[in-house]
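Everything quoted here is computed from the prediction, not taken from an experiment. Throughout, protein chains are lettered first and strands after them, A, B, ... in sequence-line order, and every chain is numbered starting at 1.
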Amino acid sequence: MPTPLSRWLWHGFAVALLAALGIGLYVASKRIDYTWRWERIPQYLISTEGEDQTAPFDGFVVVSDDGKLSMTALRGSETHQFTGFSAIVAGNGDLVFEGDVIAKTDAIGPGPLLVGLWLTLKISALSLVFALLLGLVVGLGRVSKNPAARDLSAFYVEVIRGTPLLVQIFIVYFFIGTVLQLSAFAAGVVALAVFTGAYVAEIVRAGIEAVPKGQTEAAQSVGLSGFQIMRYVILPQATRRVLPPLAGQSINLIKDSSLVSVMALTDLTKAGREVVSSTFSPFEVWFVVALMYLLLTGVLSVAVRRLEKSYAVQG
Amino acid sequence: MNDGVLIEARGIEKRYPNGVLGLKRASLSVKAGEVVVIVGPSGSGKSTLLRTFNGLEAITGGEIVVDGHVLHQRSADLRSLRQRVGMVFQQFNLFPHLTVLENLSLAPIKVLKLTAAAAEERARALLKKVGLSEKHDCYPAQLSGGQQQRVAIARALAMQPAVILFDEPTSALDPEMVGEVLEVMKQLAVEGMTMCVVTHEMGFARAVADRVIFMDAGEILCEDAPEAFFGAPKHERLQTFLRQVL
């Protein structure tokens, strides 16, 4: 065991190394003549740009003296009153056509990156729920006494683990999605859940097999049925064992969800790509995107550690 | 149950998939209220024999009748049999995720369909019997080995079995805890519980057993009342064994 002082020295050493790495990165970016424009990023997180109010028909703009905005139709006698705007774009008496921007509402809302983050969160959470259910069923199939259940679950696990997720996403999106008329979101959930489910199944199987044989024998000896043994004796013990690997797999799922950006889904990664193309600041954007993923996975691992602690009492 | 015979094993044989014979035509009968102790060197098939009595070990030949349930090569309904046959293991095998009270009441609630209150009442009475009244809310990991084994005995008793099988109940215990477990077992014997005990505790066999069985290499070589078994061993192999352990 290092002494407290030397321990802090080593921590300091690690921090110094990381700082050196950061400085190196900065110097390197100087060399390639990159202009950092961090000030461009916040507007893509929080959007202050309100919605546009557009002309509902062709006509003339009427701005009254007390600031009221309305329109009269070019043909006919139709009028339209605008409300809730913060800035008027058109001038009094302008001839405008249907769809032209007349005014803007001033609203603070989530920018594209936050919208992307929300989609990533939604698709990950939903996929995780299905993956856990699927993984539990298949994992039980793996340890089942029934040869058919064993064969089918082994087949599923091998096929899914043996093919790349990106290829699976393409198959689900283009083939299954087309056949079953799935939306891009549904296809994304299916692909991620099926993929992660295979890994969860293996974790569940390992967790069940790690429970000592004596537990099953003791449960059999008091006359519990096979289902009761699984439900009340094996699974509760397996749950504690699988929690850490399951947390790792859930974190993988969040990261893997970035691959759904190849479908027409604007998740965090796709949003990042769009922001890059409108800001030309790829370094800043990708750093921010990485940080946002890190935030999601960090929250998850803290939550799981809490859960593990609550189980620890039983030793 | 004819003339009080609870376990009747006739020529049972256990052949492992690799061809090795674990039990060779073993026959044994245990009457209600009897305490039968099985001794023998390691690997002699004592535990295997015991475990065939509640179907934990499948047999490949012969027949066992336990409390009216017939067990043979392909026995299906082991559940109703197991409700009548309690088992205490060398490694205790308590359920680590359940409290002591939950360990005792799980099967009575799920199998015997007792109400939670009735099962708890039964569990508390049994904990008092094994001297662990105040440990009901502990988890097994918080108990000593001896205490865990006493809980395990109480768990077997909670199903009110006709017979309890003890598979080397004190072999995994530190020496100072052996006594407390044997004490509980003696008390059960006095109360008339039918017991089959595999053990290395010759003192227990001598003091408590009605009959002692000697096994070697998968065979029952001899059986006798304890006085004769230890005092005047007939079988040559038994004499060697007793010289080594006593």
**Message:** Quick check: do B/His200 and B/Lys46 have side-chain heavy atoms less than 4.5 Å from each other?
**Reply:** yes
**Request:** Working to the nearest 0.5 Å, report the span between OH of B/Tyr16 and CG of B/Leu23.
**Result:** 7.0 Å
**Request:** Check whether A/Gln220 gets within reach of chain B through its side chain, its backbone, both or neither, counting any heavy atom under 4.5 Å.
**Result:** both
**Item:** Contacting moiety of B/Leu94, where chain A heavy atoms sit under 4.5 Å
**Value:** backbone
**Item:** Ring geometry between A/Phe13 and A/Trp10 (parallel below 30°, tilted from 30 to 60°, perpendicular above 60°)
**Value:** perpendicular
**Asked** Between B/Thr99 and B/Asp137, is any side-chain donor less than 3.5 angstrom from a side-chain acceptor?
**Response** no
**Complete:** Looking only at B/Gln83, B/Arg155, B/Lys110, most heavy-atom pairs under 4.5 Å shared with chain A are made by B/Lys110
**Request:** Identify which of A/Gly223, A/Gly226, A/Pro212 forms the greatest number of heavy-atom pairs closer than 4.5 Å to chain B.
**Result:** A/Gly223
**Message:** Does the structure place the NZ or CZ of B/Arg51 under 6.0 Å from the centre of the six-membered ring of B/Phe89, at an angle of no more than 45° from the ring's axis?
**Reply:** no
**Item:** Residue part contacting chain B, namely of A/Thr216, when any heavy atom lies under 4.5 Å
**Value:** neither
